[in-house]
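Just below is one structure, and these are the notes that go with it.
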Amino acid sequence: MNLKSFAQLVYDQTILIPRGKVSTYLEIAKALDSPHSARAVGNALNKNPYAPQVPCHRVIKSNGEIGGFANGPKNKIAILKREGVEIINNKIDLKKYLYECKAKR
DNA sequence: CATATGACACTAT
DNA sequence: AATAGTGCCATAT
């Protein structure tokens, strides 16, 4: 088994997301070779013991919606805007801001 | 080991 | 397009 817990891998991947970009739970799950673990990814970020070190606010749903956040999605939107990400109708243009972690390992 | 929970995703209606 | 139902995986109890 992995030396790190699934959650640990999620944090490590989330930290790699550059400022001004976002990623999705599904994309992260794929990066971890578990394309069906989107839910588990969300669980890991929910615990997020590394916050705010881990930019969990840069992780959104695969359909471009913000999803849920501990302090409420409203706070998250404000942060993303400050990062340079444009939020439209509480949604993000994945075509423009989705960060693809191709450079995995 | 079984059940319940959760920051999701997909398909059907 | 919007809503509901189902599937999926990792943790907690």
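Residue numbers begin at 1 in each chain, while the letters A, B, ... track the order of the sequences. All values below were derived from every heavy atom in this structure, side-chain atoms included, with hydrogens, water molecules and symmetry-related copies excluded.
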Can you find a pair of side-chain heavy atoms, one from A:Ile66 and one from A:Lys91, that are under 4.5 Å apart?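 No, every pair of side-chain atoms sits at 4.5 Å or beyond.
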Could you check which of C:dC9, C:dT11, B:dA9 has an atom nearest any side-chain atom of A:Tyr25?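 Side chain of A:Tyr25 sits closest to B:dA9.
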When the distance from [atom1] of [X] to [atom2] of [N] is rounded to whole Å, what number comes out?
X: A:Leu26; N: B:dG6; atom1: CG; atom2: P; value: 22 Å
X: A:His36; N: B:dG6; atom1: NE2; atom2: C1'; value: 19 Å
X: A:Ile79; N: B:dA7; atom1: CD1; atom2: P; value: 17 Å

Quick one: does A:Asp93's side chain have a donor or acceptor within less than 3.5 Å of a partner on A:Lys96's backbone?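 Such a contact is absent between A:Asp93 side chain and A:Lys96 backbone.
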Taking A:Lys30 for the side chain and A:Pro35 for the main chain, is one N or O donor matched with an acceptor at less than 3.5 Å?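 Judged by distance alone, no pair lies under 3.5 Å.
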A:Tyr97 versus A:Glu83, side-chain donor and acceptor atoms under 3.5 Å: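 No - no donor-acceptor pair under 3.5 Å links their side chains.
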Any side-chain N or O of A:Ser62 under 4.0 Å from OP1/OP2 of B:dA9?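 Answer is yes, contact under 4.0 Å.
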For A:Pro49, what residues pass the side-chain contact (heavy atoms from CB on, under 4.5 Å) criterion, not counting sequence neighbours?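 Once residues adjacent in sequence are excluded, the partners of A:Pro49 under the side-chain contact (heavy atoms from CB on, under 4.5 Å) criterion are A:Tyr11, A:Lys47.
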Can you tell me which residue among A:Thr14, A:Ile60, A:Ile17 is in a side chain to side chain contact (heavy atoms under 4.5 Å, CB included) with A:Ser23?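 Exactly one candidate clears the test, A:Ile17.
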With a 4.0 Å cut-off on heavy atoms, is A:Ala40 in touch with a base, just the backbone sugar-phosphate, or nothing at all?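 It contacts base atoms.
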Within residues 43-59 of chain A, residues whose heavy atoms come under 4.0 Å of DNA chain C: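 Contacts with DNA chain C under 4.0 Å: A:Asn43, A:Lys47.
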